[in-house]
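Please read the structure below before turning to the comments.
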2 protein chains.
Amino acid sequence: MERLLQTVKIAINDKIYVKDPESSDLGKRIVEHSILMIDEIGFESFTFKKLGRKIDSNESSIYRYFENKHKLLVYLTSWYWGWLEYQLVFATNSISDPTEKLTKAINIVSKTVVQDNSFSHVNEVLLNKIVVNESSKSFLTKEVDEENKEGYFTIYKRMVNRLEEMIKTVSPKYEYPSSLASTVLESTLHQHFLKEHFPTLTNCNTSKTPGDFISDLVFKTLNQSNHG
Amino acid sequence: MERLLQTVKIAINDKIYVKDPESSDLGKRIVEHSILMIDEIGFESFTFKKLGRKIDSNESSIYRYFENKHKLLVYLTSWYWGWLEYQLVFATNSISDPTEKLTKAINIVSKTVVQDNSFSHVNEVLLNKIVVNESSKSFLTKEVDEENKEGYFTIYKRMVNRLEEMIKTVSPKYEYPSSLASTVLESTLHQHFLKEHFPTLTNCNTSKTPGDFISDLVFKTLNQSNHG
DNA sequence: CAAATATAATAGTAATACTATCATTATATG
DNA sequence: CATATAATGATAGTATTACTATTATATTTG
């Protein structure tokens with residue numbers, strides 16, 4: 001898997017950036033250290049000036065890659081979903097049994113991320129933390145419709161659609177396949193957040209994971225839809 | 001109901017504000033117009049200076065009520081959950097049948113909000129839109145643990161706990177009552193958002209509501225937990 | 001009416017979120 | 001190898017934000 005991924009590039013809509021950060025050393029350092037820095041100080045406190053200082057580069061140089069920090073966040077979350085999509089497709093492609101396939105898919109999207117050494121400039125563990133803590137801010141804006149039209153959220157939408165298709169295959173009669181699919185992703189992130197900050201609002205902890213909860217939720221729902 | 005509410009005040013943790021906005025005319029105008037303005041231009045573009053201009057008051061005067069716009073957002077969302085909690089308790093209190101009670105509760109928290117004239121300075125319809133579009137930003141911050149300790153999110157947590165208790169009563173054996181309760185609230189908001197901005201990611205539309213989806217999800221899950 | 005309180009007006013500061021210009025340093029190509 | 005081109009860095013500048021501080025002016029209340 002590592003070998004294969006080394007030749008793979010996560011394809012991000014080129015409207016999200018001014019210059020492809022994968023195309024240069026500076027670009028990769030911007031991505032690498034923005035992940036470290038956003039994780040460390042949070043998206044609100046993060047600025048291009050601070051990042052410039054950290055990577056011994058210049059604020060103005062960073063602006064040559066991303067218009068603003070919002071676009072950088074959209075880029076990072078897109079990258080994350082692209083990376084996860086790859087894992088998802090890779091891991092489920094060969095599975096023919098629909099239930100087993102969906103089980104595996106939920107497993108992939110909800111599991112705690114471990115370091116993947118295929119992309120040396122991206123720390124996937126921290127990026128996952130950023131997705132949990134900050135990614136909502138990438139679409140909860142006044143510009144969401146415009147940016148959606150420009151295709152900023154294509155990868156995320158494709159991810160939801162993949163889950164939707166799997167759900168439909170398991171339960172063709174179920175009435176809310178896309179709502180359930182979007183809930184799987186959103187709720188996974190939310191339960192991870194609650195586990196960390198609001199433990200009384202979740203039953204997820206070290207022994208029961210968000211993935212366990214979501215699997216239970218999805219299959220009880222679909223089971224009822226088939227035989228209820 | 002309107003009569004009764006006229007004598008009721010939504011009690012907000014007094015650490016959230018510097019001076020209680022309910023205690024003066026200016027305070028009420030701040031709340032009233034911040035709702036209109038955040039809805040109109042979004043939380044990112046909203047500033048106390050702009051609000052001051054709008055209500056013919058001064059930036060510095062607004063700072064005497066709220067330390068910053070973040071706290072104002074925490075106040076507004078707390079008010080919303082307090083208001084909704086009141087509706088929930090009022091509407092479910094007299095119901096003894098557990099299933100009927102939970103059905104009603106989900107109905108209350110997920111339905112499209114209509115104007116309530118009990119609080120003249122609060123436009124609940126717009127406030128609901130703000131909660132859908134902006135409320136995540138009130139807890140997705142680096143200060144969340146600190147603020148949680150200070151009790152900024154008490155009302156929201158109490159709301160989740162009320163749902164949790166109802167879920168437990170319906171299905172004492174179900175393993176994830178608090179996760180399901182928090183998912184009910186979060187997913188409701190998310191489905192309302194998707195309906196508006198990402199219609200391909202949800203089955204909710206004019207005929208099927210987020211409430212229908214959530215009810216279906218919850219009861220299929222709990223039903224399976226009882227008889228599965 | 002005096003005292004206290006609330007609000008308004010003004011000014012000021014450091015930081016943010018950029019844009020513009022020009023200098024310097026790599027790199028690519030002829 | 002020279003030189004054109006592109007990439008990066010350094011510096012400066014602007015409007016806005018997110019405040020704090022001070023002083024002046026209303027308004028309320030005792």
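Excluded from the calculations below are hydrogen atoms, water molecules and symmetry mates; all remaining heavy atoms, backbone and side chain alike, are included. Source: prediction; values computed, not measured. Chain naming here is simple, since letters A, B, ... match the order of the sequence lines and numbering starts at 1 in each.
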Does B/K19 place a side-chain N or O at less than 4.0 Å from the phosphate oxygens OP1/OP2 of C/dT7?
yes
Quick one: is the NZ or CZ of B/K71 closer than 6.0 Å to the six-membered ring centre of B/Y17, and within 45° of its axis?
no
Salt-bridge criterion met for A/E22 and A/K9 (N-O under 4.0 Å)
no
Nearest whole Å is fine: how far is D/dG9 C1' from A/R29 CZ?
12 Å
Starting from P on D/dA18, measure out to CG on B/L72 and report it in whole angstrom.
12 Å
Round to the nearest Å and state the distance from B/F66 atom CZ to D/dA18 atom P.
16 Å
How many whole angstroms separate atom CG of A/L26 from atom P of D/dT8?
5 Å
Can you list, in residue-number order, the parts of residues 44-64 of chain A that come under 4.0 Å of DNA chain D, counting heavy atoms only?
A/D56, A/S57, A/N58, A/S60, A/S61, A/R64
Using 30° and 60° as the class boundaries, would you call the ring planes of B/Y80 and B/W83 parallel, tilted or perpendicular?
tilted
Interatomic distance where CG belongs to A/D25 and C1' belongs to D/dA7 [whole Å]:
12 Å
Counting neighbours of NZ on A/K137 that are heavy atoms of other residues, nucleotides or ligands and sit closer than 6.0 Å, is the number greater than 12?
yes
Remember a base hit wins even if backbone is also touched, and classify B/Y65 as base, sugar-phosphate or nothing at under 4.0 Å, heavy atoms.
sugar-phosphate
Which whole-number value in Å describes the distance from A/D20 CG to D/dA6 P?
18 Å
Under 6.0 Å between the ring centres of B/F198 and A/Y156?
no
NZ or CZ of A/K208 within 45° of B/Y176 ring axis and under 6.0 Å:
yes
